[in-house]
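As structure tokens, the structure follows; a few thoughts come after it.
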There are 2 protein chains.
Amino acid sequence: MDEKTKSKQASASPSLQERPTLKTIAFMTGLGITTVSRALKDAPDIGAETKERVRLVAKQVGYQPNRAGVRLRTGKTNVISLVLSLEEEVMGLTSPIVVGISEVLASTPYHLVITPYGFSKDALAPVRYVLDTGAADGVIISRTEPKDPRVELMMERNFPFATHGRTDMGLIHPYHDFDNEGFAYEAVRRLAELGRKRIVLLQPPPHLTFHRHMRKGFDEGIRDFGVEAVAFGAVDLDNSLTEIRAAFETLMRSDDAPDGIVSGSGAGSIALIAGLEAVGKKLTQHVDMVSKVPSDFLSWLRPEVITMNEDIRHAGRELAKAVIGRIAGLPAEELQSLSRAI
Amino acid sequence: MDEKTKSKQASASPSLQERPTLKTIAFMTGLGITTVSRALKDAPDIGAETKERVRLVAKQVGYQPNRAGVRLRTGKTNVISLVLSLEEEVMGLTSPIVVGISEVLASTPYHLVITPYGFSKDALAPVRYVLDTGAADGVIISRTEPKDPRVELMMERNFPFATHGRTDMGLIHPYHDFDNEGFAYEAVRRLAELGRKRIVLLQPPPHLTFHRHMRKGFDEGIRDFGVEAVAFGAVDLDNSLTEIRAAFETLMRSDDAPDGIVSGSGAGSIALIAGLEAVGKKLTQHVDMVSKVPSDFLSWLRPEVITMNEDIRHAGRELAKAVIGRIAGLPAEELQSLSRAI
DNA sequence: TCAAAAATCTGTAACGATACAGTTCGCTTG
DNA sequence: CAAGCGAACTGTATCGTTACAGATTTTTGA
């Protein structure tokens with residue numbers, strides 16, 4: 001055979017110092033770059049023994065595909081983007097979500113990229129960015145709304161994503177959600193059992209979907225257990241803890257003071273307790289309180305509070321599995337999950 | 001001029017539907033791809049008017065360089081990697097750090113990638129990964145040790161990074177740290193002023209650098225203010241809250257019970273308080289406590305605790321600025337910062 | 001006036017991977 | 001026995017960008 005015709009692809013012997021590429025393996029095995037590429041992909045037109053050899057050498061030299069090369073050629077980024085509101089940063093729910101996602105991604109080729117959006121800025125912007133620049137293969141969003149334009153946009157473009165929280169648009173998409181309805185209903189039940197009659201709810205802001213769920217559970221509890229709901233002005237979980245505290249102090253001083261509290265967040269509960277105690281009232285004595293909490297530190301300092309645990313790390317895991325499933329082409333119906341308090 | 005010689009580069013008119021590339025702009029301006037590339041980089045060999053035109057068109061069509069293209073060609077990833085221990089996840093210090101970093105990166109081309117390492121696994125592995133695969137342009141690490149092999153490795157390879165916490169190897173590198181020595185010294189001073197005589201310290205695990213700092217400040221305080229240090233067994237901040245609580249309960253029941261506490265973390269403080277109260281003792285009455293805290297929720301539930309605030313979000317910002325500075329070639333000396341309690 | 005220098009602009013190759021369209025060769029089959 | 005087939009392998013072009021080495025035109029200088 002004419003030497004000149006032999007393998008132009010892998011001609012220049014690749015430095016063994018550098019990071020190995022397909023070329024390196026091609027050179028070492030005497031095969032063409034294409035063959036190596038296809039062998040590592042287990043393509044049907046490559047001989048079994050060749051595949052074995054290639055795999056062996058690849059493993060030996062510690063070959064890892066160059067992400068930029070793959071991305072440029074195929075468009076696949078191997079990136080999952082977690083879209084975060086920088087102000088969501090009340091009491092760090094972000095950490096456990098990130099950890100949960102990371103746990104799942106660790107055994108995949110995916111990297112986790114944080115895509116933040118600024119204070120009070122358009123939540124659609126980061127999603128648009130990812131879609132327009134192809135910055136990721138999939139997206140995870142939170143603070144989901146009933147008619148969520150981000151969901152609409154990604155569905156329209158058929159882009160894989162998962163939401164923390166549900167929507168209400170008749171669109172089927174992957175999500176993970178906490179059963180806030182069940183939580184609130186159960187919370188009211190507990191308070192009613194303790195003989196409480198006038199219950200207040202510290203709820204999520206009205207534009208978020210889980211406001212509805214929590215409200216629904218709360219209202220049904222109010223009705224089913226024959227107690228009364230006390231309104232809590234315009235204050236919700238998006239207010240600062242200082243504002244919540246002040247508002248609750250005012251409420252507790254008024255004639256309208258409740259004797260039972262349902263709190264949708266652990267951080268909010270702290271503000272409520274501070275407000276409560278500022279007016280000289282005591283838990284279990286004057287009021288009872290049920291709080292959703294991310295961890296159990298609250299019960300260490302105020303064991304009087306009835307806590308219901310939301311496992312946010314688990315949510316992170318579920319969300320990661322859902323996006324990856326969607327990327328793999330699984331139907332959205334199978335990628336929806338709901339978790340209850342533990 | 002012969003039509004055939006004209007611009008082979010931008011020959012195929014790029015679809016105006018797709019994401020614009022240099023080719024798109026080249027076609028629209030009638031220039032070569034190279035010229036457009038150099039114009040956007042403000043290279044000296046491109047005419048002023050040409051640059052203006054190119055910039056205008058680029059802005060008009062919303063050109064954004066393809067990251068994979070740049071990365072493949074130049075090796076620049078435009079990625080900062082935050083290396084996280086998944087078990088660091090006690091009380092979510094991660095959130096504010098991530099937010100702080102994101103705030104700074106938002107106005108740069110950098111993306112933030114989370115690179116986790118598993119439970120009790122080798123902390124060097126993720127750093128090695130980034131270095132070997134060129135996954136990022138810079139790295140941020142925490143849980144820094146006096147002789148930190150990660151720092152050693154990155155210095156040796158001359159790879160840009162910043163550490164949360166200092167080292168003690170005679171190597172000069174970018175860092176941000178909290179003044180734990182000052183904190184502990186001041187804490188002891190406060191307790192001594194309150195008449196406390198027997199002080200215990202809930203400290204970081206011995207292998208982390210800030211253990212030394214905190215210990216130094218504590219020991220000097222003990223000496224300077226003429227009080228006594230109470231040992232706290234083998235329990236440190238890396239123990240679970242349950243363990244800390246149990247250990248402290250034991251300590252408080254012993255003859256060796258302290259009357260003053262310095263706590264190196266807000267989460268740890270909660271465990272200590274729980275342990276304290278489990279044996280029927282009360283803050284300010286039987287003991288006083290000074291705690292470093294990431295936010296002020298602790299003082300809402302236990303105003304008796306003297307808190308000193310560590311601004312972790314600020315740390316995130318400083319760390320991000322430091323890595324970027326290092327990437328830009330600034331000397332490490334100028335990228336070191338220390339912050340005090342606020 | 002004419003060569004040299006300066007100012008602008010451009011084509012080619014390469015980064016690493018893969019889609020696609022072959023090529024080679026041994027074997028079957030009519 | 002030649003055409004045809006399938007198995008196994010490979011070269012070329014391409015993704016978007018930039019380094020580099022020209023190319024072309026204009027300006028300068030003697």
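Here is the naming used below: chain letters follow the sequence lines, and residue numbers restart at 1 for every chain. Only a predicted model underlies this, so the values are computations on that prediction, with no experimental measurement involved.
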Tell me whether the side-chain N/O atoms of A:T35 come closer than 4.0 Å to OP1 or OP2 in D:dT10. yes

Do B:K321 and B:H176 touch side chain to side chain, with heavy atoms closer than 4.5 Å? no

A:K41 NZ to C:dC20 P: how many Å, rounded? 14 Å

Atom-to-atom span, CG of B:L72 to C1' of D:dC15 - whole angstrom: 9 Å

Looking across every strand, which nucleic acid part, if any, lies under 4.0 Å from B:P65 by heavy atom: base, sugar-phosphate, or nothing? sugar-phosphate

Given atom NZ of B:K76 and atom C1' of C:dC15, what is their separation to the nearest angstrom? 17 Å

Go nucleotide by nucleotide along DNA chain C from the 5' end; which of A:L22 and A:D45 gets its closest nucleotide reached first? A:L22

Looking only at the side chain of B:T34 (C-beta and beyond, no hydrogens), which of the listed nucleotides C:dG11, C:dC20, C:dG16 gets closest? C:dG11

In whole angstrom, give the distance that lies between atom NZ of B:K51 and atom C1' of C:dT8. 11 Å

Which nucleotide wins on minimum distance to the side chain of B:V70, given the candidates D:dT17, D:dC15, C:dA17? D:dT17

Using heavy atoms to find the nearest nucleotide of DNA chain D for A:R73 and A:G47 separately, return the residue whose nucleotide is more 5′. A:G47

To the nearest angstrom, how far is A:L40 atom CG from D:dT10 atom P? 14 Å

Locate the shortest heavy-atom distance separating B:R67 from B:P109; write the atom from each residue and the value. NH2-O, 2.5 Å

Examine C:dC9: is either OP1 or OP2 under 4.0 Å from a nitrogen or oxygen in the side chain of B:T50? Give yes or no. yes

Is the closest basic N to carboxylate O distance between A:D42 and A:K51 below 4.0 Å? yes

Measure the distance from CD1 on B:I46 to C1' on D:dC20 and round it to the nearest whole Å. 14 Å

Rounded distance in Å - CZ (B:R38) to P (D:dG22): 16 Å

Could you state the CZ-C1' distance from A:R67 to D:dC15, rounded to the nearest angstrom? 17 Å

Which heavy atom in B:T144 sits nearest to a heavy atom in B:G165, and how many Å separate them? OG1-O, 3.6 Å

Less than 4.5 Å apart, side chain to side chain, heavy atoms only: is that true for A:L40 and A:Y63? yes

Can you see if the side chain of B:S37 gets near the phosphate of D:dT18 - specifically, an N or O under 4.0 Å from OP1 or OP2? yes

